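Just so we're on the same page: letters track the sequence lines, and every chain starts at 1. All values derive from a computational prediction rather than experimental measurement. Side chains are part of it too, since the values below use all heavy atoms of this structure and drop only hydrogens, waters and symmetry mates.
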There are 2 protein chains.
Amino acid sequence: MDAVLPDQGPEELGPARVDCAPGGRRGDTRVRIQQVALELFAEHGYERTSLREVAERLGVTKAALYYHFKSKEDIVRSFTEDHFSRVDDLIAWGRDQPPGAHTAHEVLDRYIAIIMEGLEVFRFLERNQASLRESEHGKHRFEQFRPRLNALIEIITGPDAPPRSRVRAAAAFFAASASCMVFTRDAPDEADQPPLPDRDELRKIVLELADDLTGDAPPA
Amino acid sequence: MDAVLPDQGPEELGPARVDCAPGGRRGDTRVRIQQVALELFAEHGYERTSLREVAERLGVTKAALYYHFKSKEDIVRSFTEDHFSRVDDLIAWGRDQPPGAHTAHEVLDRYIAIIMEGLEVFRFLERNQASLRESEHGKHRFEQFRPRLNALIEIITGPDAPPRSRVRAAAAFFAASASCMVFTRDAPDEADQPPLPDRDELRKIVLELADDLTGDAPPA
DNA sequence: GTCTATAGACGGATAGAC
DNA sequence: GTCTATCCGTCTATAGAC
């Protein structure tokens, strides 16, 4: 309902991930809610996960969640806005750079870094696109992928690029993010036959592949 | 609950799309339900779309839907199983071919054809991954993407391929399907600034890009 | 800061008339 | 084949005690 949200909790989620083992410190309830909610929303789906389940997993009641967050959507916003901010910052940075292959490479590299540091959030966004598209009264819930993708494409290709260049640039971002998701262990229980590359290797492979997509000459 | 589903309606959904203009023929209620449900599930999300909405859009009542389909999930199954069958057929075909670059190219080409002919279904699957992951009692609702992706990768790369090849093959499929989705008009209302390539051009661009990802030599 | 209790709405699904 | 009416479950969110 409200347009502005003036930071309504004790502390905000840090750089993408929080470094706390499942030990026993207190005062971190808000963060624990975010972690559990993100995990369940990504694994079982936003709509299919009730706040009762989140609360139970935390050993509290539903009502406790409403002390820390004003709604279910608000929990989502709390861990997605950081991710979107990073992409927005990247777009702003990219627009300030001199156009060319070097900037394109740098943007892809930083984009991949954002994805890999916020993998859980990205997984959630990917798998719940339909739930996040629009709120019940026609207003946008969260700013969408599309405008950001277009902005990133334009940084890579420059303005008024031919369709082929634009599609390939888009493909680079799709391939990069999807590859990071699929070739990273998701739930520990899944028995994937093929062995996964470690994260550094994966990152190198993905960056190379994205460069191949954006860097080459027009067709013969 | 039941494992087998012995075809429980008048006619089954034809090859991906049905050729009927919005005229006034009858006896097609089952197909109209599928079309409307698919459209709403893809646009607003599976969980967020109630059967009441589907029925209202069709000018019938909820109960009428239950004459044609035994549950909400069953509607989804009716238009997704055809899509998955096509992919499974492609996998079977690919395994019968002699391994090599030519087969890889053919598989990618046919995969892209499947995506582009069933774009609405694919859009639905993509945007509702979380809803389709598992049913409430731990059983798989629909066979998943992952095993099929692995099978396709192995056809492209051969068995025991190094991570780099596997990631690039996967990226080819991701990039191909996502590009088809994004560079095809979705809802007619959206005002996309950049002009879209026509479908034949898009298909050529996407196939070329997928070939680039799978076809080249190992790194220097 | 967390609890109990409940309001209030809406969902999927079914029974049975026509 | 479609309708009316309804059952029963679950959900988000809130009120108010401690």
Side-chain angles (χ1 to χ4, degrees), chain A residues 1-2 5 7-11 24-37 40-41 44-78 128 130-132 134-137 139 141, chain B residues 1-2 5 7-12 24-38 40-41 44-78 128 130-132 134-137 139 141:
Chain A
M1 296 302 174
D2 56 347
L5 53 158
D7 205 354
Q8 35 101 46
E11 72 250 69
R25 75 254 128 267
R26 274 298 89 94
D28 57 354
T29 307
R30 188 184 152 94
V31 174
R32 289 170 63 231
I33 293 172
Q34 290 176 316
Q35 291 173 328
V36 169
L40 292 178
F41 291 170
H44 305 310
Y46 173 72
E47 319 275 356
R48 289 167 57 84
T49 304
S50 67
L51 293 184
R52 179 186 51 76
E53 291 175 276
V54 176
E56 265 171 20
R57 167 91 67 116
L58 283 165
V60 298
T61 61
K62 256 193 312 175
L65 306 187
Y66 280 94
Y67 172 80
H68 294 280
F69 299 94
K70 74 179 206 298
S71 69
K72 192 182 182 187
E73 276 193 28
D74 193 44
I75 300 177
V76 169
R77 188 163 26 206
S78 77
N128 290 279
S131 301
L132 304 172
E134 53 197 11
S135 93
E136 41 271 42
H137 301 315
K139 300 194 63 174
R141 281 183 167 187
Chain B
M1 298 306 174
D2 57 348
L5 52 158
D7 205 353
Q8 33 101 48
E11 70 250 72
E12 205 42 71
R25 73 256 132 266
R26 272 300 87 95
D28 58 353
T29 306
R30 189 184 150 92
V31 175
R32 289 171 62 230
I33 292 171
Q34 291 175 315
Q35 292 173 328
V36 168
L38 174 55
L40 292 178
F41 291 171
H44 305 309
Y46 174 71
E47 318 275 356
R48 289 167 57 83
T49 304
S50 68
L51 294 184
R52 180 186 51 76
E53 292 175 277
V54 176
E56 266 172 18
R57 166 90 68 119
L58 283 165
V60 297
T61 61
K62 256 197 307 178
L65 306 186
Y66 280 94
Y67 171 81
H68 296 279
F69 299 95
K70 73 178 205 300
S71 68
K72 192 183 182 185
E73 276 194 28
D74 193 44
I75 301 177
V76 169
R77 187 163 27 208
S78 77
N128 290 279
S131 301
L132 304 170
E134 53 198 9
S135 91
E136 41 273 43
H137 300 314
K139 303 193 63 174
R141 282 185 166 184

* Structure fact -> Test side-chain contact (heavy atoms from CB on, under 4.5 Å), reference A:Leu65, set A:Val36, A:Asp74, A:Val60, output is A:Val60

* To do: Can you see which heavy atom on B:Ser131 is nearest to which on B:Tyr46, and at what distance?
  =>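 Of all heavy-atom pairs spanning B:Ser131 and B:Tyr46, the closest is CB-CD2, 4.0 Å.
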
* Asked: Can you find a heavy atom in the side chain of A:Gln34 that is under 4.5 Å from one in the side chain of A:Val31?
  -> yes

* Pairwise side-chain contact, A:Val54 with A:Ile75, heavy-atom cut-off 4.5 Å (strictly under) ->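 A:Val54 vs A:Ile75: side chains apart.
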
* Structure fact -> The contact string for nucleotides 3-18 of chain D, one letter per nucleotide 5' to 3', using protein heavy atoms under 4.0 Å with B, S and - for base, sugar-phosphate only and none, comes out as BB------SBBBB---

Gap between atoms [atom1] and [atom2], on [X] and [N] respectively (whole Å):
| X | N | atom1 | atom2 | result |
| --- | --- | --- | --- | --- |
| B:Arg30 | D:dT2 | CZ | C1' | 17 Å |
| B:Phe69 | C:dG12 | CZ | P | 15 Å |
| B:Leu58 | D:dG1 | CG | P | 15 Å |

* **Sequence neighbours excluded, every pair satisfying salt bridge (charged side-chain N to carboxylate O under 4.0 Å, His left out) that has a member inside residues 57-68 of chain B** => B:Glu39-B:Arg57

* Asked: Does A:Tyr67 have a side-chain nitrogen or oxygen under 4.0 Å from the phosphate oxygens OP1 or OP2 of C:dT2?
  ->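 No.
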
* Could you tell me which residues satisfy side-chain contact (heavy atoms from CB on, under 4.5 Å) with B:Glu53, sequence neighbours excluded, listed by chain and number? =>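 For B:Glu53 the side-chain contact (heavy atoms from CB on, under 4.5 Å) partners, ignoring immediate neighbours, are B:Thr49, B:Ser50.
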
